[in-house]
Amino acid sequence: MPPVKLEVSDATITPSSDAKPKQLNKCNQLELKGLESIAPLVRSVEETPEPIATEVCGTIPTWIRGSLLRNGPGKFEFGNQHYNHWFDGMAMLHQFKIEDGKVTYRSRFLQSDAYKKNSERDRIMVSEFGTVAMPDPCKNFFLRFLSRFEMIEATDNASVSFVKYKGDCFVSTETNYMYRVDPESLETQNKVDWTKFIAVNMATAHPHTEPDGTTYNMGNSYGRKAMSENYVVFIEQPIKMDLLKIVTAKLRGKGISEGVYWDPKQDTVFHLTSSVKFHTKALSVFHQINAFEEDGFLMLDMCCSDNGEAINNYLIQNLRKSGEALDQVYNTMYRAFPRRFVLPLNVTNNTPTGVNLNTRPASSATSFKTAIDKVVCQFEDLHGEDLYEYGGLEFPQINYSKFNTRPYRYFYGCGFRHLVGDSLLKIDLEGKKVKVWYQKGLFPSEPVFVPSPEAVEEDDGVILSVVVTPTEDKSTFLLVLDAKTWEELGRAEVPVNIPYGFHGTFNTTA
């Protein structure tokens with residue numbers, strides 16, 4: 001089919017400037033009914049190790065040369081045993097190679113120790129976040145009994161993201177392991193254990209990289225990080241761990257996820273490299289948008305939810321529900337919305353209390369000093385009322401290479417009027433306007449911005465997103481949008497099934 005700019009009649013949503021949200025429930029979202037089943041998006045698929053051609057509809061700019069690399073779960077059971085949580089599925093690596101306006105596709109399962117052990121026995125041998133590996137029935141009773149008292153070891157199933165360190169390509173997760181992979185063949189190379197090099201127990205799957213290749217990451221934390229030009233921001237969220245439950249998880253036959261819980265009575269705290277701590281109400285943050293310094297303030301932009309229980313709602317059984325049961329899961333989950341905190345950087349003993357320290361006239365965020373080492377902050381919404389219609393925004397992306405840690409105007413993400421993203425959004429911070437790409441029954445992945453070679457303006461480039469649908473077999477395609485106009489340029493249709501994934505990156509070909 002030729003590329004089209006979807007209009008209202010084609011199920012596009014075009015918000016008006018005076019759009020008013022309908023009645024919102026306590027989760028700060030619209031009540032929705034009749035959600036379609038997305039069960040096929042979280043089912044196991046076969047790998048495609050050799051590149052296959054795609055059918056291109058429309059035009060894919062010839063200046064795009066490189067590969068969109070994607071990561072996410074692709075196998076959810078071994079034998080008659082299945083995983084409980086979406087995060088548990090075995091890592092599947094995807095490559096969309098773009099050259100001269102053509103696209104090929106290939107995929108491979110990461111050959112992690114977890115994947116190989118599970119495959120050899122055709123059963124779950126390695127515990128994951130929400131699934132505990134049960135004792136091997138081939139052992140005698142005494143050994144099976146003793147195995148219940150073993151600690152759950154960290155998994156090396158690196159299913160979250162692709163990252164680069166010194167030019168090498170790695171896949172990562174939120175434990176102490178990552179794998180070097182060949183970005184051309186997707187073949188697994190060597191396993192890297194963070195603890196052998198630096199004093200951390202684990203590291204995040206999302207490091208920050210400067211233009212010169214310097215990379216920053218945070219260890220021994222499940223949270224994400226944020227960075228401005230001169231500051232690294234550590235975000236302390238009221239998501240806690242019950243160590244007794246985690247230590248006894250295998251004994252009780254429960255996953256580690258049962259030991260992670262949300263405590264709304266505690267503040268969220270932002271730590272900078274100073275003695276002052278910045279407090280705000282309990283918020284849950286999975287992904288940051290950007291952070292930058294200006295006029296003595298640090299702007300911290302994040303996708304925030306007012307509840308931190310979402311991670312435990314992404315059970316496989318929930319994602320595979322249908323009808324009223326699926327509606328209920330969605331309508332009881334909190335959505336994430338883009339918000340800005342303005343943190344004053346020059347707080348001293350002489351700074352007055354009871355005065356809003358945010359003197360930026362265009363910002364509604366507030367910061368009040370309440371003690372020598374404490375500032376209480378209230379956020380500013382980075383969106384208009386119309387964003388409620390699209391289920392908030394997650395998987396945020398910016399023109400990272402040029403505007404990370406710098407003042408910026410645009411960011412992109414997925415709208416969530418379902419348990420997974422069902423639209424692509426572009427927000428212009430000048431006026432907080434939103435542009436939307438949406439077509440009923442299609443579920444786009446995290447948007448990846450690729451700048452054009454002669455880019456002058458911030459949004460000169462394209463957006464790449466892998467779009468999947470649960471209603472048709474082998475109907476995945478790579479979508480290419482003009483990042484400035486938000487019009488579809490082309491799509492490359494892939495004749496294989498691909499599950500809904502997590503994160504990716506664009507690897508440029510010289």
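All of these numbers come straight from a predicted model, not from anything done at the bench.
- Of the inter-residue distances, the one linking Glu458 atom CD with Leu429 atom CG reads 8.5 Å to the nearest 0.5 angstrom.
- Not a single ring pair (Phe, Tyr, Trp, His ring centres under 6.0 Å) links Phe411 to another residue, sequence neighbours left out.
- Formation of a donor-acceptor pair under 3.5 Å by the Gln81 side chain with backbone atoms of Ile124 is found in this model.
- Interatomic distance, Leu464 CG to Leu481 CG, rounded to the nearest 0.5 Å: 9.0 Å.
- Phe78 pairs by the ring pair (Phe, Tyr, Trp, His ring centres under 6.0 Å) definition with nothing, not counting sequence neighbours.
- Note that OG of Ser305 and CZ of Phe286 are 8.0 Å apart. Values are rounded to the nearest 0.5 Å.
- Closest heavy-atom contact between Val285 and Gln237: N-OE1, 2.7 Å.
- Residues passing the side chain to side chain contact (heavy atoms under 4.5 Å, CB included) test with Ser44, sequence neighbours excluded: Lys75, Phe76, Glu77.
- Of the possible polar contacts, one joining the Thr268 side chain to the Leu283 backbone as a donor-acceptor pair under 3.5 Å is found.
- Residues Thr155 and Glu128 bring a donor and an acceptor atom of their side chains to less than 3.5 Å of each other.
- Remark: the backbone N or O of Phe443 is not paired with any side-chain donor or acceptor of Asp422 at under 3.5 angstrom.
- Under the 3.5 Å distance criterion, the side-chain polar atoms of Thr485 are matched with a main-chain donor or acceptor of Glu487.
- Heavy-atom neighbours of His82 NE2 from other residues, nucleotides or ligands within 6.0 Å: at or below the threshold of 12.
- Here Ala158 pairs with Leu110, Val171, Thr173 under the side chain to side chain contact (heavy atoms under 4.5 Å, CB included) rule; sequence neighbours left out.
- Residues satisfying the ring pair (Phe, Tyr, Trp, His ring centres under 6.0 Å) criterion with Phe109, sequence neighbours excluded, are Tyr115.
- For the pair Ser161 (side chain) and Ser172 (backbone), a donor-acceptor distance under 3.5 Å is absent.
- Less than 6.0 angstrom separates the ring centroid of Phe170 from the ring centroid of Tyr165.
- Residues forming a ring pair (Phe, Tyr, Trp, His ring centres under 6.0 Å) with Phe506 (at least two apart in sequence, or on another chain): none.
- Between the side chain of Asn307 and the backbone N or O of Tyr334 there is no donor-acceptor pair closer than 3.5 Å.
- Salt bridge annotation for Lys102-Glu99: absent, with no cationic side-chain nitrogen under 4.0 angstrom from a carboxylate oxygen.
- Residues Asp459 and Asn399 have side chains that never bring a donor and an acceptor to within less than 3.5 angstrom of each other.
- Surrounding NZ of Lys191 are more than 12 heavy atoms belonging to other residues, nucleotides or ligands, all under 6.0 Å away.
- Here Asn318 contributes atom CG and His85 contributes atom NE2; the two are 9.0 Å apart, rounded to the nearest 0.5 Å.
- Asn157 places no side-chain N or O within 3.5 Å of a backbone atom of Ser159 that could act as its donor or acceptor partner.
- Between His503 and Phe162, a ring centre-to-centre spacing not shorter than 6.0 Å is recorded.
- Applying the salt bridge (charged side-chain N to carboxylate O under 4.0 Å, His left out) test to residues at least two apart or on different chains, the pairs with a partner in residues 393-415 are Arg409-Asp428, Arg409-Glu430.
- Atom OG in Ser423 sits 8.0 Å away from atom CG in Leu393 (nearest 0.5 Å).
- Listed by first then second residue, pairs satisfying salt bridge (charged side-chain N to carboxylate O under 4.0 Å, His left out) with a partner in residues 290-302 read Glu294-Arg360, Asp295-Arg360, Asp301-Arg340, not counting sequence neighbours.
- Between Trp86 and Phe129, the ring center distance fails the sub-6.0 Å criterion.
- Distance alone, capped at 3.5 Å, places no donor-acceptor pair between the Arg108 side chain and the Met92 backbone.
- Pairs of residues two or more places apart, or lying in two chains, that qualify as salt bridge (charged side-chain N to carboxylate O under 4.0 Å, His left out) and include a residue from residues 82-97 are Lys97-Glu184.
- Note that CG of Leu93 and CD of Glu187 are 11.5 Å apart. Values are rounded to the nearest 0.5 Å.
- Gln317 contributes no side-chain N or O that, together with a main-chain N or O of Asn84, makes up a donor-acceptor pair within less than 3.5 Å.
- Under the salt bridge (charged side-chain N to carboxylate O under 4.0 Å, His left out) criterion, the residue pairs touching residues 444-455 are Arg70-Glu446, with sequence neighbours excluded.
- Among residues two or more places apart in sequence or in another chain, the salt bridge (Lys or Arg N to Asp or Glu O under 4.0 Å) test is passed with Asp460 by Lys484.
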Could you go step by step and tell me if Phe87 and Phe502 meet the ring pair (Phe, Tyr, Trp, His ring centres under 6.0 Å) rule? CA-CA 9 Å; Phe87 296 174; Phe502 296 143; 5.6 Å; yes
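- A donor-acceptor pair shorter than 3.5 Å can be found between the side chains of His94 and Tyr105.
- With sequence neighbours excluded, no residue forms a side chain to side chain donor-acceptor pair (under 3.5 Å) with Tyr412.
- With hydrogens and angles ignored, the 3.5 Å screen pairs no side-chain donor or acceptor of Gln95 with any backbone N or O of Leu186.
- Here the two rings, on Phe337 and His383, have centers that are under 6.0 Å apart.
- Geometrically, Arg417 engages Tyr438 in a cation-pi contact, judged by NZ or CZ lying under 6.0 Å from the ring centre and within 45° of the ring axis.
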